[in-house]
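For ligands, and for the atoms within them, numbers begin at 1 and follow the listed sequence.
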Amino acid sequence: MASPIASYYSGKNVLITGATGFMGKVLVEKLLRSCPNVRSLYVLVRPKAGQSMQERVKDMMKCKLFDRVREDDPDFYQKIVPISSELTQPGLAISPQDAQKLASCINVVFHCAATIRFDEPLKHALQLNVIATQQLLTLALQMPNLEAFIHVSTAYANCNRRQIDEVIYPPPVEPKKLIDSLEWMDDSIVRDITPRLIGDRPNTYTYTKALAECVVQQASSKINIGIIRPSIVGASWQEPFPGWIDNFNGPSGVFIAAGKGILRTMRANNDAVADLIPVDVVINLTLAAGWYTAVQKPKTALVYNCTTGGINPFHWGEIEHHVMSTFKRNPLEQAFRRPNANITSNYLINQYWILVSHKFPALIYDLFLRLSGQKPQMMRIFNRLHKAIGLLEYFSSQEWEWNSENVTMLMGQLSPEDRKNFNFDVRQLNWPEYIENYCIGTKKYVLNEDMSDIPAARQHLRKLRNIRYTFNTVLLVFIWRVFIARSQMARNIWYFVVSLCFKFLSYFRASSTLTN
Ligand SMILES: CCCCCCCCCCCCCCCCCC(=O)SCCNC(=O)CCNC(=O)[C@H](O)C(C)(C)COP(=O)(O)OP(=O)(O)OC[C@H]1O[C@@H](n2cnc3c(N)ncnc32)[C@H](O)[C@@H]1OP(=O)(O)O
Ligand SMILES: NC(=O)C1=CN([C@@H]2O[C@H](COP(=O)(O)OP(=O)(O)OC[C@H]3O[C@@H](n4cnc5c(N)ncnc54)[C@H](OP(=O)(O)O)[C@@H]3O)[C@@H](O)[C@H]2O)C=CC1
C-alpha cells in the first residue's frame with residue numbers, strides 16, 4: 001500500500017516549468033522515483049544552444065541524477081512529455097493544441113522556472129519572473145481538473161525585512177502598474193531607474209520574485225495555491241545520493257573557487273547564520289505541499305519558509321572551516337594555489353587581501369604567461385570572480401529570521417512513512433558531513449573530476465607549496481640585496497632581528513634538553 005503522498009500523485013498529470021534547471025531536475029527525479037504511479041510529467045522546455053527541446057530532455061534523462069530511477073524502471077522516460085515553450089513569449093509560446101491538451105488533463109502545476117541571475121536587467125527579470133507567472137496562472141485557470149498550483153519563490157523575496165513570516169507581504173509596487181510603465185520605456189531608461197525601483201532590495205531577482213508572489217496571491221481565490229520559499233539551495237543531502245549538484249550558483253561557485261585556490265578572501269560574517277538548504281529537502285517539501293494543497297484545499301495560499309537557520313543553525317565561519325578542511329583532504333585538480341580562503345566582515349582587511357592574495361599573484365602569473373608566449377588570463381578570471389562575489393556578499397554579510405510554522409504544521413500532517421520518504425526535517429542534518437559531501441559533489445558532478453585522481457592532485461599541491469617556498473626565499477634575498485645590504489641602519493636592524501631569533505631558538509633548545 002503506497003503512502004498518502006505517493007497515492008495522491010498516482011494517476012495524476014503534472015505540469016512542471018523549469019524542469020531542465022537545478023531544482024526542476026531533482027523534482028522530476030523524485031516524482032518518478034517515489035511516486036512511480038504518477039501518470040505523466042508535462043515539462044515546458046525551450047530549444048537552447050542549438051539543441052532541440054527533445055534533445056535537451058533526452059540529455060537530461062541520461063544524467064547520473066536519474067541512475068536510481070533508471071534502475072527501478074528503464075522506461076521511465078515514457079512518462080515525460082516535453083512541451084515546447086518559451087516563457088518570455090506571449091501565451092508562453094505554447095501551441096494551441098498543446099495548450100488545449102494541458103488545459104484538459106493537468107492536475108498539479110509546479111512552477112520552478114525563473115531567472116535567478118542577480119544582474120538581470122529589470123525588464124527581462126520582470127518578463128520571466130512576473131509576466132510568465134501571470135501567463136501560467138491564466139493557463140492554470142483554464143484547467144478544470146487542477147487541484148494544486150505550487151509556486152517556487154525564494155526566502156529572500158522580502159530580504160529588505162529582518163523577520164520574515166509565512167505571509168505574502170504587500171508588493172513594493174503594484175505589478176500591473178510596473179508592467180504597464182516599463183512596456184513603453186527604453187532599456188536605457190529602465191536601467192537608470194532600476195536602483196530607485198528596487199529600493200532596499202539588492203537586485204532585480206529578489207524584487208521580481210516579491211512581485212511574482214503578489215501575482216500568485218491575486219489568483220488564490222480561484223486556484224488552490226502553495227508558495228515554497230527556499231533559502232540558499234545547495235547540493236543534495238541524501239537523495240538520490242549525497243552531494244549531487246550541477247551548477248556554480250550561490251555557494252557552489254564560491255566553494256569551487258576556494259578549492260581551486262583562486263578565492264582567498266571574501267566578505268562574509270563569520271558569526272552570521274548561513275541559511276543553506278539541501279535541494280532534496282526543498283523538493284520533498286514541495287511535493288508534500290502539492291499533496292496538502294490539493295487534499296486539504298486551504299482557504300488562503302499557504303507560504304512555506306523552507307529554511308534551516310531557525311531550526312538547525314550553522315554559520316559562515318563554520319562553513320569556511322569545513323570547506324577548507326574538505327578540499328585539503330580531497331583536493332581539486334590543477335589548483336591555482338593551495339586552498340586557503342578566509343572570510344572577514346572588515347572591508348579594509350578584505351581589500352588588503354584582494355590586493356595581496358588575488359591581484360598580485362594574478363599579475364605575476366599573467367606576466368609568466370606573457371613571457372612564455374601564452375595569452376594572459378588570470379586577471380580576467382579574478383575580475384569575473386570579484387563581480388560574482390560582490391553580488392553574493394549582501395547575503396553572506398547579514399542574517400535573517402524566518403518563521404517556519406507552516407513547515408512544522410505540514411510535517412505534523414505526514415504519515416510516518418511519508419516523513420521518511422519525503423523527509424524535510426532538517427533537525428537531523430549533520431552539517432560537517434553535509435558540507436563534506438557538498439564539496440566532493442562539486443568536484444565529481446560540477447567539475448567532472450575523478451576521485452581516483454586525488455593522489456595526483458595532492459602531488460600538485462606539494463609542487464605549489466615548493467614553488468611558494470622558493471618564491472618567498474627569492475623575494476627575501478631580493479629585498480635583502482636591494483634594501484638591506486645598501487643601508488647601515490637596515491643592516492643593523494636585520495642583524496638584531498636575526499640574533500634575537502637565534503637567541504630564542506638556543507633558549508628553547510636548551511630548555512627542552514633540560515626537561516628531557
Ligand atoms: C570557502 C569560503 C566559504 C565562504 C562562504 C561564503 C559563501 C557565500 C555564498 C552566499 C550565497 C548567497 C546566495 C544567495 C541566494 C539567494 C537565493 C536565491 O533565491 S537564487 C539562487 C542564487 N542565484 C545565484 O546564485 C545566481 C548568481 N549568479 C549570477 O548572477 C551570475 O552568474 C553572475 C552575475 C555571478 C556571473 O555572470 P557572468 O559573468 O555573465 O557569468 P555567467 O553566469 O554567464 O557564467 C559564465 C560561466 O562561468 C561559470 N561560473 C559562474 N559563476 C561562477 C563562479 N562563481 N565560479 C566559477 N565559475 C562560475 C558558469 O558556469 C559559466 O560557465 P559556462 O557555461 O560559460 O561554461
Ligand atoms: N538555486 C537557488 O539557490 C534558489 C532557487 N530558488 C528558486 O527556485 C526555482 C528554480 O531555481 P533553479 O533550479 O536553481 O534555477 P535554474 O536557473 O537552474 O533553472 C531555471 C529554469 O527555468 C527555465 N527557464 C529560464 N528561462 C526560461 C524561458 N525563457 N523559457 C523557458 N524556460 C526558462 C530554465 O530553462 P533552460 O534550461 O532552458 O534555461 C531552467 O529550467 C526558481 O524559481 C528560483 O527562484 C529559490 C531559492 C534559492
Side-chain angles (χ1 to χ4, degrees), residues 16-27 43-49 51 53 56 60 84-89 92-93 110-120 124 127-129 132-133 151-157 159 202-203 205-206 208-209 212 228-234 246-260 262-270 272 274-277 279 282 286 306-307 316-324 326-327 339-343 381 383-385 387-397 435 439 442 446-447:
I16 302 172
T17 69
T20 49
F22 171 46
M23 287 173 40
K25 267 188 268 199
V26 181
L27 176 64
V43 296
L44 298 192
V45 189
R46 56 178 170 169
K48 197 176 169 186
Q51 272 194 311
M53 148 194 103
R56 293 192 67 203
M60 175 179 113
S84 175
S85 170
E86 166 53 67
L87 297 180
T88 54
Q89 295 302 312
L92 309 174
F110 292 104
H111 179 35
C112 301
T115 167
I116 63 165
R117 292 181 67 94
F118 292 155
D119 61 346
E120 197 72 80
H124 189 252
Q127 186 70 47
L128 193 49
N129 295 352
T133 304
H151 170 72
V152 181
S153 181
T154 163
Y156 296 94
C159 58
N203 49 44
Y205 169 67
T206 49
T208 50
K209 289 298 269 190
I228 314 293
R229 284 195 193 137
S231 45
I232 303 171
V233 184
D246 75 344
N247 61 74
F248 288 96
N249 292 330
S252 312
V254 176
F255 292 174
I256 291 171
K260 287 273 182 192
I262 297 175
L263 181 102
R264 315 283 286 190
T265 184
M266 176 171 178
R267 264 184 86 197
N269 182 348
N270 273 291
D275 213 299
L276 258 60
I277 184 102
V279 62
V282 182
T286 304
C306 184
T307 58
W316 288 117
E318 296 170 285
I319 299 240
E320 178 218 86
H321 170 76
H322 291 287
V323 169
M324 286 302 99
T326 305
F327 282 131
N340 185 15
N342 284 295
I343 55 174
I381 293 178
N383 286 339
R384 280 183 62 187
L385 179 71
K387 179 186 166 197
I389 56 177
L391 294 169
L392 299 181
E393 280 169 0
Y394 174 91
F395 301 94
S396 55
S397 306
I435 296 296
C439 292
T442 60
V446 182
L447 301 174

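- Distances from atom 9 (C) of ligand 2 to the heavy atoms of C112, A113, A132 put C112 nearest.
- The shortest side-chain heavy-atom distance between L392 and V254 falls under the 4.5 Å cut-off.
- Within the 4.0 Å heavy-atom shell around ligand 2 one does not find A155.
- Taking the side chain as every heavy atom from C-beta outward, E86 and L92 never approach each other to under 4.5 Å.
- When heavy-atom distances to ligand 2 are checked against a 4.0 Å cut-off, I116 comes that close only through its side chain, counted from C-beta outward.
- Heavy atoms of L391 found under 4.0 angstrom from ligand 1 belong exclusively to the side chain.
- Considering only non-hydrogen atoms, atom 37 (O) of ligand 2 lies nearest to R56 out of R56, K209, Q51.
- Contact annotation for N129 and ligand 2: no heavy atom of the residue comes within less than 4.0 Å of the ligand.
- Scanning the protein heavy atoms around atom 20 (C) of ligand 2, the nearest turns out to be A114 O, 3.6 Å.
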Verdict with supporting geometry, F118 and F395, ring-ring contact (aromatic ring centres under 6.0 Å, His included): CA-CA 12 Å; F118 292 155; F395 301 94; 5.3 Å; yes

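- The nearest protein atom to atom 4 (C) of ligand 1, hydrogens excluded, is given as I343 CG2, 3.7 Å; this is a heavy-atom distance.
- By the 4.5 Å heavy-atom criterion applied to side chains, T17 and L44 are counted as neighbours.
- In K48, the part holding a heavy atom less than 4.0 Å from any atom of ligand 2 is the side chain.
- In this structure the side chain of F110 never reaches within 4.5 angstrom of the side chain of V43, judged on heavy atoms.
- Heavy atoms of I256 stay at 4.0 angstrom or farther from ligand 1.
- The protein heavy atom nearest to atom 5 (C) of ligand 2 is M23 SD, 3.8 Å.
- Of all protein heavy atoms, the one closest to atom 27 (C) of ligand 1 is F118 CD1, 3.9 Å.
- Distances between N or O atoms of I116 and those of ligand 1 include at least one value under 3.5 Å.
- Looking at atom 48 (C) of ligand 2, its nearest protein heavy atom turns out to be S231 O, 3.0 Å.
- The protein heavy-atom contact nearest to atom 3 (C) of ligand 1 is E320 CA, 4.1 Å.
- Scanning all protein heavy atoms for the shortest distance to atom 21 (C) of ligand 2 gives G18 CA, 3.6 Å.
- For atom 2 (C) of ligand 1, the nearest non-hydrogen atom of the protein is V254 CG1, 4.2 Å.
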Trace of the side-chain hydrogen bond (donor to acceptor under 3.5 Å, both in side chains) decision for Q127 with T88: CA-CA 6 Å; Q127 186 70 47; T88 54; 5.9 Å; no

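- For atom 28 (N) of ligand 1, the nearest non-hydrogen atom of the protein is N249 OD1, 4.3 Å.
- Under a 4.0 angstrom heavy-atom cut-off, N249 registers as lying outside contact with ligand 2.
- Between F255 and I319 the shortest side-chain heavy-atom distance falls below 4.5 Å.
- Atom 33 (C) of ligand 2 has R46 NE, 3.8 Å as its closest protein atom, hydrogens excluded (heavy atom only).
- The shortest N/O to N/O separation between A268 and ligand 1 does not fall below 3.5 Å.
- Remark: distances from the non-hydrogen atoms of Y394 to ligand 1 are all 4.0 Å or more.
- Of all the atoms in ligand 1, the ones that sit under 4.0 Å from a non-hydrogen atom of M266 are 6 (C), 8 (C).
- For the ligand labelled ligand 2, residue T115 lies outside the 4.0 Å heavy-atom shell.
- Only the side chain of Y205 comes within 4.0 Å of ligand 2, judged by heavy-atom distances.
- Annotation: atom 48 (O) of ligand 1 to nearest protein heavy atom, R384 NH2, 2.9 Å.
- Protein heavy atom nearest atom 44 (O) of ligand 1, with residue, atom name and distance: R117 NH1, 3.4 Å.
- Looking only at protein heavy atoms, the nearest one to atom 35 (O) of ligand 2 is T20 OG1, 3.2 Å.
- Residue-level proximity to ligand 1 for A257 is absent, since no heavy atom of it falls below 4.0 angstrom.
- For the atom pair L447 CG and K260 NZ, the distance stands at 5.5 Å (nearest 0.5 Å).
- In this structure, atom 42 (P) of ligand 1 is in close contact with the protein, since a protein heavy atom lies within 4.0 Å of it.
- For atom 7 (C) of ligand 2, the nearest non-hydrogen atom from the set S153, A49, G21 comes from S153.
- Without hydrogens or angle criteria, Q51 side chain to R56 main chain gives no donor-acceptor distance under 3.5 Å.
- Counting heavy atoms closer than 4.0 Å to ligand 1, residue E120 contributes nothing at all.
- Polar contact with ligand 2: absent for T154 (N/O pair, distance under 3.5 Å).
- At the shortest separation from atom 30 (N) of ligand 2 among protein heavy atoms lies L87 N, 3.0 Å.
- Against a heavy-atom cut-off of under 4.0 Å, S396 is close to the following atoms of ligand 1: 8 (C).
- Taking a 4.0 Å cut-off on heavy atoms, P230 fails to register as neighbouring ligand 1.
- Closest heavy-atom approach to atom 58 (N) of ligand 1 within the set Y156, W316, F248: this belongs to F248.
- Considering only heavy atoms from C-beta on, T206 comes within 4.5 Å of N203 through its side chain.
- The protein heavy atom nearest to atom 1 (N) of ligand 2 is V233 CB, 4.0 Å.
- Between P202 and C159, the shortest heavy-atom distance links the atoms CD-SG, 3.4 Å.
- The N/O atoms of T154, backbone and side chain alike, include one that comes under 3.5 Å of an N/O atom in ligand 1.
- N247 places none of its side-chain heavy atoms less than 4.5 Å from the side chain of V446.
- The shortest heavy-atom distance from G250 to ligand 2 is not under 4.0 Å.
- Distance check on atom 64 (P) of ligand 1: every protein heavy atom falls at or beyond the 4.0 Å cut-off.
- Scanning all protein heavy atoms for the shortest distance to atom 14 (C) of ligand 1 gives F395 CG, 3.5 Å.
- The side-chain heavy atoms of R267 and I343, taken from C-beta on, include no pair separated by under 4.5 Å.
- For atom 61 (O) of ligand 1, a protein non-hydrogen atom is found at a distance below 4.0 Å.
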